[in-house]
There are 2 protein chains.
Amino acid sequence: MIKEEILTIFEEKGIKPSYQRIKIFSYIAEKKKHPSVEEIYEGLHKKIPTLSKTTIYNTLKLFVSKKLLSEILIEEDGVRYDYLEKPHLHFKCKICGKIYDIYKKCSIINCKKIDGHKIEEHHIYLIGICKNCLNKNG
Amino acid sequence: MIKEEILTIFEEKGIKPSYQRIKIFSYIAEKKKHPSVEEIYEGLHKKIPTLSKTTIYNTLKLFVSKKLLSEILIEEDGVRYDYLEKPHLHFKCKICGKIYDIYKKCSIINCKKIDGHKIEEHHIYLIGICKNCLNKNG
DNA sequence: TTTCGTGCAAAGCATTTGCAAGTAG
DNA sequence: CTACTTGCAAATGCTTTGCACGAAA
């Protein structure tokens, strides 16, 4: 994602574009990974040696509050972050630990009301063995 | 749930029935709530003043490993525990914080394979405003 | 006697807070 | 100048670990 795109997205959401914020957002959106705070830190502190975890925490909190990212709470190995481009599900492999995006339609995703409760967010987590690990082990 | 039922369930799962384990399981299964460690502690230490959080942690870990309970990771206010009776979804109200069980069919729940990945567990979390809070506030 | 469960105290670790210094407009 | 951002250090709080005592078989 080029810098201009990021600046546009930030402006739409009312986020002031600091160097750190651009790099952190870029890291999450570009890699299509679902990094933890630790991974973002490890991935960026070579380029930005002064980057602190506090700044990463602050920035992620800001992005989540502005609905730019969502938090993924899949199993207990900490919070992961996800760029909210299109609605999708998450699949986590219990062998390699990788998290995959799944773009499949599901009746629940379009559901706005259930048992009288108003639904505003859906988080669908699938856990199992990914195709790579299935091939390796069988 | 009567004590004999719990003893039968424990035996099936290979769990030795101590006084604390029975009380902790009973607390979770009976109330149909989704308590946190703190709530279990607060709820039981009147009756069992010596009960320690270490024992609660040990016990919950055991129950999860024996597939008697599952962990609910919905938003960030810590792990909640859920008795695995029938498959169901969870809805959390962002106003009152209550977690509801939802017994609705969903295509994802019956799905055993997706994009080549083998699915073994599903965790579906819905977040919004529950019917009680909708009535109070509108 | 031997194994297992319990629970206190201490340690571990991710996250948050306080605050001082730096930066941008 | 003024408001916001950054990042170090310390604090917080949940969870785990080490260990000794006690109960059960």
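Keep in mind it's a predicted model, so treat the numbers as computed, not measured.
Side-chain proximity of A:Val37 to the nucleotides C:dG5, C:dG7, C:dT15 is greatest for C:dT15. In this structure, the nucleotide among D:dT5, D:dG7, C:dT6 sitting nearest to the side chain of A:Ser18 is D:dT5. The side chain of B:Lys16 sits closest to C:dG5 out of C:dG5, D:dG7, C:dG7. Side chain of B:Val79, nearest nucleotide from C:dT6, D:dT5, D:dT15: D:dT15. For B:Thr55, whose side chain is taken as the heavy atoms from C-beta onward, the closest listed nucleotide among C:dG5, D:dT5, C:dG7 is C:dG7.
Atom pair A:Lys53:NZ and C:dG18:C1' shows a separation of 19 Å (rounding to whole Å applied). In this entry the distance linking NE2 of A:His45 with C1' of D:dT6 reads 17 Å, nearest Å. In this structure, the CZ atom of B:Arg80 is 11 Å from the P atom of D:dT15, given to the nearest Å. Rounded to whole Å, atom P of D:dT16 lies 7 Å from atom CD of A:Glu76. Atom CD1 of A:Ile22 is separated from atom P of C:dA24 by 12 Å (rounded to the nearest Å). Atoms CD1 (B:Ile56) and P (C:dG5) sit 17 Å apart, rounded to a whole Å. Here D:dC14 presents its P atom at 13 Å from OH of B:Tyr41, a figure rounded to the nearest Å. Remark: P of D:dT5 and CG of A:Asn58 are 9 Å apart, rounded to the nearest angstrom.
A cation-pi arrangement, defined by a distance under 6.0 Å to the six-membered ring centre and an angle within 45 degrees of its axis, is absent between A:Lys23 and A:Tyr27.
Between A:Thr50 and D:dG7, a side-chain N or O to OP1/OP2 separation shorter than 4.0 Å is present. Residue A:Ser52 has no polar side-chain atom (N or O) positioned under 4.0 Å from OP1 or OP2 of D:dT6. Contact annotation: A:Tyr57 side-chain N/O to C:dT15 OP1/OP2 distance is under 4.0 Å.
Side-chain contact check for A:Leu44 versus A:Ile24: some heavy-atom pair is nearer than 4.5 Å. Side-chain contact between B:Tyr125 and B:Lys92: absent, with no pair of heavy atoms (C-beta onward) separated by less than 4.5 Å.
Between the base of D:dC8 and the side chain of A:Thr54 there is a donor-acceptor pair shorter than 3.5 Å.
Where A:Pro49 and A:Leu62 meet DNA chain D, the nucleotide closest to each residue was compared, and A:Leu62 sits on the side nearer the 5' end.
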Subject >> Working for side chain to side chain donor-acceptor pair (under 3.5 Å), residues B:Asn132 and A:His117 >> reply: CA-CA 8 Å; B:Asn132 290 337; A:His117 313 307; over 6 Å; no
Original post:
Checking side chain to side chain contact (heavy atoms under 4.5 Å, CB included) for the pair A:Ile9/A:Met1: CA distance, chi angles, key distance, verdict?
Top reply: CA-CA 11 Å; A:Ile9 293 168; A:Met1 195 178 293; 3.9 Å; yes
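Using a 4.0 Å heavy-atom distance criterion, A:Glu38 is classed as making no nucleic acid contact.
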